[in-house]
There are 2 protein chains.
Amino acid sequence: MPEAASAAATKAAVGDSEFDRDTALTLREPGVYDIDLSAGWTIINAVNGGYLLAVLGRALGDALPHRDPFTVSAHYLTASRPGPAVVRTELVRGGRTLSTGQASLFQYDEEGREVERIRVLASYGDLDALPDDVRTTAVPPAFPPMDRCFGPQDTASDVRLPSGGAPVDGSSAIADRLMIKLDPATLGWALGAPSGKGEMRAWFGLADGRDADPLSLLLAVDALPPTAFEIGLSGWVPTVELTVHIRTRPAPGPLRVSITTRNLAGGFLEEDAEVWDSEDRLVAQSRQLARVRLG
Amino acid sequence: MPEAASAAATKAAVGDSEFDRDTALTLREPGVYDIDLSAGWTIINAVNGGYLLAVLGRALGDALPHRDPFTVSAHYLTASRPGPAVVRTELVRGGRTLSTGQASLFQYDEEGREVERIRVLASYGDLDALPDDVRTTAVPPAFPPMDRCFGPQDTASDVRLPSGGAPVDGSSAIADRLMIKLDPATLGWALGAPSGKGEMRAWFGLADGRDADPLSLLLAVDALPPTAFEIGLSGWVPTVELTVHIRTRPAPGPLRVSITTRNLAGGFLEEDAEVWDSEDRLVAQSRQLARVRLG
């Protein structure tokens, strides 16, 4: 029985899970929060960008008049490391149905000076106040059943994933925190035979079984192996900018995350992510611009 | 002969065109610029969001160590009006190949206090320094030839477009500044028979024939009639957030802009734009989150 499934048998609750504990902030003064970035969400030595976005998103949800992220735009400046950080927020404009805010995450250099890691602009609202009208024409991508997909903990006959989908060998603690089951159609890279298509698809959840919420959607859009692997590239693909739209509150149960890249050019690529919930609703859309650093 | 075509016969040069004059900034002090927002880029009374993005983009290109916008994320706060405005920029981080900056555009209330209209985070670089590798799998959308498409100045037998694609009757000065020729397949709304598909496609240029550059691409992604019209909605579709990636410097000649909406839900929709140049290169990708205000 895979670890993720056994963990899910004693499912963690929203508010009392690894993800909640590791994104918890301590209020230093109004709008300013301290946090110790957990080593549990790293790929090699770098803290995962989606986890960082959830930390910033949580700070803004506390600081702004509205609670739920509707659209969050993050520009990644320098690589974050596990350890102390401070999040500084600013209310840019408070409106009746939407509030706009800004937040930055800083860490400290050897002299204790603040070094900015990420800056975010975001508009927040109340997802529960939205009308129920849905006229989407988007349909969920075809996914094989979860038991025919593969995670980092699985060792099938031919498939042996690098831990956490890390682009190079090394310990990736985040693999223990996530339930990721990759569609075999996007696993060619792990077999040395990338498809050449810029696609990555996976069932997604938290390893301790905590259900999804808007904050964990901020993590979900940046937690899969890079599409670049299936295009046949290895090495790091650091995010320059990532924007997420949260469109509705996700239903309980595993998510499906589908990422596509259509334009790899000039050393950059975009990754478009769609996140679908267990009720077949498109709960989040994101796009990031990333650099291709050839390995 | 349509106006746009006759204007193009005496083509305006980059740097000496309506667009260049109307985005020109006066340096007040380092990083701070004054501008008189032109009434020439309005839809009804509101200044077009793409024109405003170009103004902010031009300020950042002047203030930052790098010249070309790579990714620009804008959150729209309050509606801009023609008249005086100030753009305040900040260098967030200067790197070797990318610089990140922030900019805000303010106008003035009755007491002369600054009111913030838009805030932008952006990463800039040098498009000419990018390698030539292109491994895109994206292909240009099918477009009819320009002479089979329709602009606001055209009056075909059945097609009579509202001026500038304005969502309600009224003067839209921007229509005189743009060369927009809409694909008849996305023109059902103008005939009272919207297709129900969230699609809008048009040939795009500046009416005075000025060629495209990275700044005018910031305008191009937000200048077509809203896809909501073809979904069968009328009324305003104000932008909450718009992010643009500029992927390469556009070749001379008209652009093709294709916009799609897949998810209209809860009173919001996304608009994804692709801009293709005359050499069939995908020069820009954008996504915006907009509100649907039923008319």
Side-chain angles (χ1 to χ4, degrees), chain A residues 70-78 92-93 95 97-98 100 102 104 116 119-123 125 127 129-139 196-198 231-233 240-241 243 245 247-248 260-270 272 274 281-282 285-289 291-292, chain B residues 70-78 92-93 95 97-98 100 102 104 116 119-123 125 127 129-139 196-198 231-233 240-241 243 245 247-248 260-270 272 274 281-282 285-289 291-292:
Chain A
F70 275 34
T71 170
V72 182
S73 310
H75 287 247
Y76 290 79
L77 308 169
T78 53
V92 177
R93 177 177 179 269
T97 56
L98 285 179
T100 302
Q102 178 171 319
S104 292
E116 191 166 357
R119 190 175 293 201
V120 161
L121 276 180
S123 293
L127 288 171
L130 298 183
D132 282 335
D133 66 298
V134 175
R135 298 173 67 170
T136 184
T137 58
V139 291
K197 294 180 194 167
I231 300 175
L233 303 171
V240 176
E241 174 269 322
T243 296
H245 301 172
R247 301 299 301 275
T248 192
T260 53
T261 294
R262 301 174 64 233
N263 190 30
L264 165 60
F268 288 82
L269 54 76
E270 97 285 6
D272 279 6
E274 288 186 358
R281 294 179 308 174
L282 181 49
Q285 292 171 288
S286 78
R287 175 175 288 165
Q288 68 170 270
L289 184 69
R291 278 199 223 214
V292 181
Chain B
F70 276 34
T71 170
V72 181
S73 310
H75 286 248
Y76 290 78
L77 307 170
T78 53
V92 177
R93 178 178 178 270
T97 56
L98 286 179
T100 302
Q102 178 170 317
S104 291
E116 191 167 356
R119 190 176 292 201
V120 161
L121 276 180
S123 293
L127 287 171
L130 298 183
D132 283 334
D133 66 299
V134 174
R135 299 174 67 170
T136 184
T137 58
V139 293
K197 294 182 195 165
I231 300 175
L233 303 171
V240 176
E241 175 270 321
T243 296
H245 300 173
R247 301 299 300 274
T248 192
T260 53
T261 294
R262 301 174 64 234
N263 191 28
L264 165 60
F268 288 82
L269 54 76
E270 96 286 6
D272 279 6
E274 287 186 359
R281 294 179 309 174
L282 181 48
Q285 292 170 288
S286 77
R287 175 175 289 165
Q288 68 170 271
L289 183 69
R291 280 201 222 212
V292 181

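Just so it is clear: chains get the letters A, B, ... in the order the sequence lines come, proteins before strands, and each one is counted from 1. Note: hydrogens, waters and symmetry copies are ignored here, and every other heavy atom, side chains too, is used.
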With a 4.5 angstrom heavy-atom cut-off, which part of B:Q288 approaches chain A: side chain, backbone, both or neither? backbone
Just so I understand: if I count every heavy-atom pair under 4.5 Å between each of A:K197, A:R281, A:R262 and chain B, which residue has the most? A:R262
Quick check for you: among A:G267, A:G196, A:A138, which has the greatest number of heavy-atom pairs under 4.5 Å with chain B? A:A138
For the atom pair OG1 (B:T243) and CD (A:E270), what is the distance rounded to the nearest 0.5 Å? 13.5 Å
Before giving the answer on side-chain contact (heavy atoms from CB on, under 4.5 Å), spell out for B:F268 and A:L130 the whole-Å C-alpha distance, their side-chain angles and the decisive distance to 0.1 Å. CA-CA 9 Å; B:F268 288 82; A:L130 298 183; 3.7 Å; yes
Answer with side chain, backbone, both or neither: which region of B:S286 has an atom nearer than 4.5 Å to a non-hydrogen atom of chain A? backbone
Is B:R247 in contact with chain A via its backbone, its side chain, both, or neither, using a 4.5 Å heavy-atom distance? side chain
Between A:Q102 and B:H75: side-chain donor-acceptor atoms closer than 3.5 Å: no
Rounding to 0.5 Å, atoms OG (A:S123) and CG (B:L77) come to a distance of 7.5 Å
Approximate separation, where rounding is to 0.5 Å, of B:T137 OG1 and A:I231 CD1: 7.0 Å
Close side-chain approach of B:R93 to A:R119, heavy-atom, < 4.5 Å: no
Would you indicate whether the side-chain heavy atoms of A:L121 and B:E241 approach each other to under 4.5 Å? no
Determine whether A:Y76 and B:T100 make a side-chain contact, defined as any pair of heavy atoms from C-beta on separated by less than 4.5 Å. no
Min side-chain heavy-atom separation B:N263-A:Q285 under 4.5 Å: yes
Ranked by heavy-atom pairs below 4.5 Å to chain B, first place among A:D272, A:V240, A:L98 goes to A:L98
Side chain, backbone, both or neither of B:T261 within contact of chain A (heavy atoms, under 4.5 Å): backbone
What I want to check is whether the side chains of A:T97 and B:R291 have a donor and an acceptor closer together than 3.5 Å. yes
Non-hydrogen atoms of chain A under 4.5 Å away: do they reach the side chain of B:L127, the backbone, both or neither? neither
